[in-house]
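Shown next, in structure tokens, is the structure this report addresses.
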Amino acid sequence: MRILVVEDEQKTANYLSKGLGESGYSVEVARDGLDAQHLINEDEFDLVVLDVMLPGLDGWQLLQLIRRRSQVPVLFLTARDAVEDRVKGLELGADDYLVKPFSFIEFLARVRTLLRRSPPREREHFRVADMEMDVLRRRVTRQGERIALTNKEFALLELFLDREGEVLSRTYIASRIWKMNFDSDTNVVEVAVRRLRAKVDDPFTHKLIHTERGMGYVLEDRT
Amino acid sequence: MRIINSLAVRLSLLFALVSVLLLGCIGTYLYHSLTREIAWRDDQMLQGRLERLESLIDNGESVDMLHRRSHLYANMLGNRDSLLWILDASSRVLIEINPSDLSVPNLPMTDTVRMLDTTGPVQARLAWHTFIHDGRSFTLIAGKLLDERNQMLRAYQLTLWFAMAMGALLALLLGWGVSRHGLKPLQRLVEQANRINIRQLDRRLEVASEAQEISHLSHGLNRMLDRLEAGFSKLSRYSADMAHELRTPLTNLLGQTQHTLRRERSASEYQQVLASNIEEYERLSKMIDSILFLARTEAPSKESATEEVDIGLLVMQLCDYFEGMAEDDGRMLINNASGLIVANRDLLRTALANLIANALQHGRSNTPIHISTHITGEKLHLDVHNRGDIISQDDLPRVFERFYRCDPSRTGVAASGGLGLAIVQSIAHWHGGEVYAESSDKNGTTFTLILPNS
């Protein structure tokens with residue numbers, strides 16, 4: 001998967017390209033709009049990450065140029081989170097946006113979503129280590145023992161299983177489980193995860209849900 | 001056009017206009033009454049002349065004699081604008097004194113004295129009268145040429161016009177002077193106002209010494225300055241507070257990172273520091289978000305979409321969101337809210353979420369939180385009630401201030417850094433509503449969000 005990062009701020013460009021590289025993507029960096037235009041004309045990319053404040057050719061103009069020739073997914077980054085800016089980006093054909101400052105986890109989650117070409121198939125069955133989930137029958141077992149979960153806990157566990165091995169940020173979890181697209185000051189997500197852990201992890205020695213301090217939570221089999 | 005914009009010029013022009021109108025009215029009145037007066041006196045004179053002639057004839061002077069001595073009458077009348085005819089019954093001229101050679105007027109017979117203005121190149125006023133003497137009927141016509149009178153009136157008219165023009169000019173000049181003088185306090189006001197700048201917002205305009213109108217204006221301006229000064233000092237206090245709030249996480253970041261770099265450490269120690277740094281970064285980022293949010297909701301004339309929002313449903317979603325947290329503390333969220341309101345859904349949700357989060361944070365364990373609505377008049381009241389820490393009466397009005405903490409020693413409890421309730425207030429104001437808090441031992445703490453219900 002090839003990703004083009006168009007970003008003039010050097011530090012940002014560096015860590016984005018490093019981070020994406022470590023996540024298994026091959027990354028090209030363009031430092032200004034004209035560079036980016038050149039690269040896009042020469043090469044094929046699976047995703048363009050575009051900062052809208054660019055010297056030379058600005059992000060909006062570049063976006064229009066890109067849309068003239070291809071339907072490559074575009075994720076735009078902006079420091080201004082005025083509603084008009086976001087609407088403008090989406091109208092010009094961007095697929096998603098992130099407002100600076102954003103967490104890298106959040107960024108990676110968006111990138112993955114955009115690169116997943118077809119909409120994810122609803123899975124009916126999950127198995128991680130000794131944990132099994134039957135989505136249709138709403139059954140969760142560990143070591144064959146049935147674990148009773150509330151609806152919210154079930155939805156949360158399903159989200160973790162679906163994104164097995166991916167670190168999920170608190171914001172992302174809140175937006176998926178409660179459809180809350182705002183950051184509340186409270187530790188609602190921590191509490192929810194703790195309650196889920198109390199049921200699915202605490203009684204067992206082999207833990208599956210892990211806290212990535214400062215980033216979020218991940219469900220994976222770490223043996 | 002610029003000159004018309006000057007108040008002094010406008011006033012003096014108005015003065016001139018008023019004087020023209022006034023002098024015009026007076027002049028017209030004077031002219032007409034003079035005309036009437038002169039005409040009345042002329043008529044009296046003509047009538048008298050007729051009477052004297054009639055009595056002369058009655059006293060035995062025969063008409064023939066009169067005729068023979070007509071030059072005598074001409075002398076007697078003495079001037080060149082008098083006319084006199086005596087006609088007999090068949091309109092034959094017996095006596096004629098007519099220096100302007102007017103044709104003999106053809107007048108109907110009349111017993112009483114009648115008056116008439118002739119028309120034509122030479123204007124005259126005539127009085128005539130028919131009477132019987134010795135069985136013969138005579139018509140006496142006395143007249144006066146109007147030339148002289150008209151001339152005099154014309155001269156008088158000219159004088160009046162001249163007086164009016166001079167009056168208007170004088171009024172213009174006087175008006176100019178008076179306006180300039182009268183507007184001097186305004187000039188002084190401008191000078192005073194010019195002396196007030198951003199460093200001297202505490203200066204006020206002098207009120208006492210000026211005219212009433214000006215002091216009203218000064219009062220109004222002073223009140224505006226009060227509000228501006230309050231807003232401005234509030235703003236600079238926010239900036240200072242904000243800088244202070246930013247210092248804490250930055251100090252942590254700086255100190256912690258430098259301390260770590262002083263010597264070689266294990267990988268897990270580095271990880272520890274970096275993770276702790278992330279927490280501080282998140283705090284900073286959250287604070288910036290909140291400040292930007294406040295700046296946006298408080299920016300004047302920023303229109304955002306409103307829609308019909310089902311309050312009951314909104315509160316239900318929020319209760320669902322906070323349920324886990326509440327249960328963790330042995331508490332319940334009780335939703336008694338209902339009703340529809342036109343509002344911005346996202347803003348309203350943020351406000352309610354902040355109120356509920358606040359109630360969860362400050363409420364006592366194992367007590368419920370009630371969220372309810374009621375309508376009074378045009379307003380919808382949304383109450384969030386909890387039992388727990390009481391807010392003192394001194395703190396109550398201040399809890400909505402940015403970065404305000406009831407307990408100064410307690411820092412960083414909320415990740416918003418003391419902006420949650422300020423955000424609620426700015427959202428209330430955005431909707432044209434209000435928010436206030438009540439707190440007592442007996443009734444617990446209630447935050448009420450009041451929104452216009454139209």
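Every chain is numbered from 1, with letters handed out A, B, ... down the list of sequences.
- Using a 4.0 Å cut-off between charged side-chain N and carboxylate O, Asp241(B) and Arg247(B) make no salt bridge.
- One finds the OG atom of Ser276(B) at 7.5 Å from the CG atom of Leu253(B) (value rounded to the nearest 0.5 Å).
- With a 4.5 angstrom heavy-atom cutoff, Lys152(A) touches chain B only via side-chain atoms.
- For a residue to count as touching a neighbouring chain, one of its non-hydrogen atoms must lie under 4.5 Å from one of that chain's; by this rule Arg213(A) touches chain B with backbone and side chain alike.
- Comparing Met325(B), Glu279(B), Gln317(B), Gln272(B) by heavy-atom pairs within less than 4.5 Å of chain A, the highest count is held by Met325(B).
- For Glu323(B), no part sits under 4.5 Å from any heavy atom of chain A, backbone or side chain.
- For the pair Arg142(A) and Asp130(A), the salt-bridge criterion is met [side-chain N within less than 4.0 Å of a carboxylate O].
- Ring geometry, Phe447(B) versus Phe400(B): the interplanar angle exceeds 60°, so the pair is classed perpendicular (tilted spans 30 to 60°).
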